[in-house]
Amino acid sequence: MTDTSTRFREFKMPDVGEGLTEAEILKWYVQPGDTVTDGQVVCEVETAKAAVELPIPYDGVVHELRFEEGTTVDVGTSIITIDVAPGSGDAAPAAAKPAAPAVEEEAKPQGRTPVLVGYGVAESSTKRRARKGTPAVPEQAAPQPAAAAIQAEMNGHGGTGTATAARPLAKPPVRKLAKDLGIDLATVTPTGPDGVITREDVHAAAAPAPAPVQPAPVQPQAAPAEPVAGVQPTPVAAGARETRIPIKGVRKAIASAMVGSAFTAPHVTEFITLDVTRTMKLVDELKADPDMAGLRVNPLLLIARALLVAIRRNPEVNAAWDEANQEIVLKQYVNLGIAAATPRGLIVPNIKDAHDKTLPELAAALGELVSTAREGKTTPVAMQGGTVTITNVGVFGVDTGTPILNPGESAILAVGAIKLQPWVHKGKVKPRQVTTLALSFDHRLVDGELGSKVLADVAAILEQPKRLITWA
């Protein structure tokens with residue numbers, strides 16, 4: 001007979017190396033009864049930095065999914081149970097004593113939660129919930145009261161399987177809804193079976209009660225009353241006119257990082273408007289070049305190359321401020337960040353060692369970075385270690401902006417829309433392709449002279465793209 005302690009394996013929310021303590025389960029790719037193999041992706045989770053697919057490290061059959069999609073789970077908490085010896089004839093894990101309730105996982109230590117590198121130890125009192133599928137109660141044991149059974153099921157991952165009068169009955173999705181709306185379940189009147197709180201109950205509690213209206217006398221066989229001029233209709237509930245979205249995941253990380261950057265690094269932004277007609281012609285020529293076949297060729301590619309050349313000519317701009325050690329760290333490499341708007345918010349993956357890449361290699365890396373970001377598959381590693389960033393606000397038709405530095409970086413270049421505008425060219429006013437660039441930099445590291453040189457070099461290259469060769 002197989003030992004149930006080794007037959008059923010628990011897969012815990014892993015430490016994915018991002019310095020975070022929790023992740024939200026976005027999607028399950030398996031269901032109970034499905035066969036899985038070592039390395040198979042079983043779910044997708046979102047941390048404050050990215051969405052990550054999690055592979056299972058066991059062969060076997062899915063016994064239980066411990067959390068529903070949309071649930072935020074602490075690192076180190078069991079999220080799925082795998083039967084690694086299916087068909088052995090043994091029952092699912094059961095309680096050691098006949099009268100005991102459903103078997104629970106070993107409780108997590110109180111007050112300390114496993115964390116990812118960089119953020120220390122987080123305070124937590126989270127427990128793991130009881131397994132579903134409580135073993136049959138022996139005949140001599142009194143059956144569990146209905147309310148207690150429901151309470152055990154409703155408690156979710158924070159419960160212990162024992163009825164608690166003070167804890168309202170509600171399923172985990174309903175609890176999450178109440179939390180998002182700021183509703184205390186203890187104040188909600190349940191209408192579900194056996195006193196269970198439903199989603200409708202929560203929404204009803206969230207909407208303010210309308211003012212009492214005296215009913216008009218009902219006349220027999222009278223036609224429905226028509227609206228009366230000058231009489232205002234019953235006000236719409238305030239809750240129906242607003243949508244509240246929880247601040248979490250990538251959006252929460254963005255907000256924290258941007259506030260920290262704006263109030264830590266003294267920003268200076270400089271602007272330059274320039275004629276990029278020759279660069280646009282070069283883009284068209286490169287698109288037809290056999291050496292660039294199948295690659296993403298656009299103005300952003302040449303702007304990225306121009307910024308890399310400008311950094312090589314002014315290496316002091318590629319630096320970081322080390323507050324703890326009171327040092328300026330000059331980087332001998334360029335990890336070029338590209339700000340990307342995704343459904344989960346703005347992320348900034350970077351091209352590692354972009355300074356060493358040829359133009360075709362840079363085009364391939366840029367295309368892969370953008371495609372991966374749009375699919376929501378950017379990994380945490382891809383967003384770490386950036387040195388400078390480009391943000392292309394021109395794709396939204398915006399002329400320019402004052403970008404905020406990506407934390408830990410010294411400069412960010414904003415690229416505005418490229419438009420056909422009147423321009424003085426060779427002494428005459430002609431229609432030319434014109435854009436505006438904005439460079440924000442950390443004034444602790446980059447003074448006005450250095451920042452101006454970098455921006456002027458980028459502009460000079462884009463006005464005369466042959467400088468990509470002569471200045472290389």
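Any value given below was found using the heavy atoms of this structure, including those in side chains, with hydrogens, waters and symmetry copies removed.
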- Mind checking whether L302 and L282 have side chains closer than 4.5 Å, heavy atoms only? yes
- Query: Passes side-chain contact (heavy atoms from CB on, under 4.5 Å), T391 versus L413? Steps please.
  - Reply: CA-CA 6 Å; T391 178; L413 178 70; over 6 Å; no
- Task: Indicate whether any N or O donor in one side chain lies under 3.5 Å from an N or O acceptor in the other, for E409 and T389.
- Result: yes
- Is a side-chain donor or acceptor of D399 paired with a backbone partner of G416 at a separation under 3.5 angstrom? no
- Hey, is the main chain of F67 close enough, under 3.5 Å, to the side chain of T71 for a donor-acceptor pair? no
- Item | Minimum-distance pair of heavy atoms, taken over all atoms of I56 and T37 | CG2-O, 3.3 Å
For residues 289-298, tabulate all N or O donor-acceptor pairs below 3.5 Å that involve a side-chain atom, not counting sequence neighbours.
| residue | atom | partner | partner atom | Å |
| --- | --- | --- | --- | --- |
| D289 | OD1 | D291 | N | 2.8 |
| N298 | OD1 | L300 | N | 3.3 |
| N298 | OD1 | L301 | N | 3.1 |

- Compare every heavy atom of A319 with every heavy atom of L330, then report the nearest pair and how far apart it is. CD2-CB, 3.7 Å
- Item | Atom pair CD1/NE2 of I311 and H355 - distance to nearest 0.5 Å | 10.5 Å
- Those residues that, when tested against W321, pass side chain to side chain donor-acceptor pair (under 3.5 Å) (two or more places apart): E323
- Carboxylate-amine/guanidinium proximity below 4.0 Å for K377 and E44: yes
- Query: Of the non-hydrogen atoms in W28 and C43, which two are nearest, and what is the gap between them?
  - Reply: CE3-CB, 3.5 Å
- Task: Please lay out, stage by stage, how I197 and V202 fare under the test side-chain contact (heavy atoms from CB on, under 4.5 Å).
- Result: CA-CA 7 Å; I197 297 173; V202 174; 4.0 Å; yes
- Task: Could you pull out the closest heavy-atom pair between T378 and M383, with the gap in Å?
- Result: CG2-CG, 3.9 Å
- Nearest-0.5 Å distance, CD1 of residue I82 to CZ of residue R7: 12.5 Å
- Query: Between E285 and K281, does at least one N-O distance fall below 4.0 Å, as a salt bridge requires?
  - Reply: no
- Derivation of the side-chain contact (heavy atoms from CB on, under 4.5 Å) call for L26 and E69: CA-CA 5 Å; L26 294 179; E69 294 177 356; over 6 Å; no
- Item | side-chain contact (heavy atoms from CB on, under 4.5 Å) between T387 and L336, intermediate numbers included | CA-CA 6 Å; T387 60; L336 181 61; over 6 Å; no
- Query: When rounded to the nearest 0.5 angstrom, what distance separates CZ in R313 from CZ in R467?
  - Reply: 9.0 Å
- Item | Heavy-atom neighbours of K331 NZ exceed 12 at 6.0 Å | yes
- Where do N350 and G385 come nearest, in terms of heavy atoms and distance? ND2-C, 4.1 Å
- Message: Between T372 (side chain only) and L369 (backbone N and O only), is there a donor and an acceptor less than 3.5 Å apart?
- Response: no
- Task: Please tell me if the side chains of Q40 and P55 come closer than 4.5 Å, counting only heavy atoms from C-beta onward.
- Result: no
- Message: Between D457 and V454 (side chain of the first, backbone of the second, donor and acceptor by atom type, cut-off under 3.5 Å), is there such a pair?
- Response: no
- Message: For E368, I'd like to know if atom CD has over 12 heavy atoms of other residues, nucleotides or ligands within 6.0 Å.
- Response: no
- Message: Restricting to side chain to side chain donor-acceptor pair (under 3.5 Å), what partner residues turn up for S440, sequence neighbours left out?
- Response: T269
- Query: Hey, is the main chain of K428 close enough, under 3.5 Å, to the side chain of H425 for a donor-acceptor pair?
  - Reply: no
- Message: With a 4.5 Å cut-off on side-chain heavy atoms, are N335 and V388 touching?
- Response: no
- Message: For the residue pair E10 / T81, report whether a side-chain donor-acceptor contact shorter than 3.5 Å exists.
- Response: yes
- Message: Can a side-chain donor-acceptor contact be found between T273 and T436 if the only test is distance below 3.5 angstrom?
- Response: yes
- Message: Between S410 and V317 (side chain of the first, backbone of the second, donor and acceptor by atom type, cut-off under 3.5 Å), is there such a pair?
- Response: yes
- Item | T402 side chain reached by F271 side chain, heavy atoms, under 4.5 Å | yes
- How far apart are the closest heavy atoms of L308 and A354, and which atoms are they? CD1-O, 3.6 Å
- Using atom types as modelled and distance alone, determine if a side-chain donor or acceptor of N314 lies under 3.5 Å from a backbone N or O of A310. yes
- Kindly compute the distance separating CG (N406) from CD1 (I404), expressed to the nearest 0.5 Å. 10.5 Å
- Item | Reported OG1-to-CE distance for the pair T435 and M280, which is rounded to 0.5 angstrom | 9.5 Å
- Message: Just so I know, are the side chains of L437 and V458 near enough to count as touching, which here means a heavy-atom distance under 4.5 Å?
- Response: yes
- Exercise: do T187 and D184 side chains pair donor with acceptor under 3.5 Å: no
- Can you check whether Q433's main-chain N or O pairs, donor with acceptor, with T277's side chain at less than 3.5 Å? yes
- Do the side chain of N318 and the main chain of Y333 share a donor and acceptor less than 3.5 angstrom apart? yes
- Item | Under 3.5 Å donor-acceptor, D275 side chain and E463 backbone | no
- Query: Is the number of heavy atoms from other residues, nucleotides or ligands within 6.0 Å of CZ (R444) greater than 12?
  - Reply: yes
- Query: Hey, what do you get for CG (D83) to CZ (F8), rounding to the nearest 0.5 Å?
  - Reply: 4.0 Å
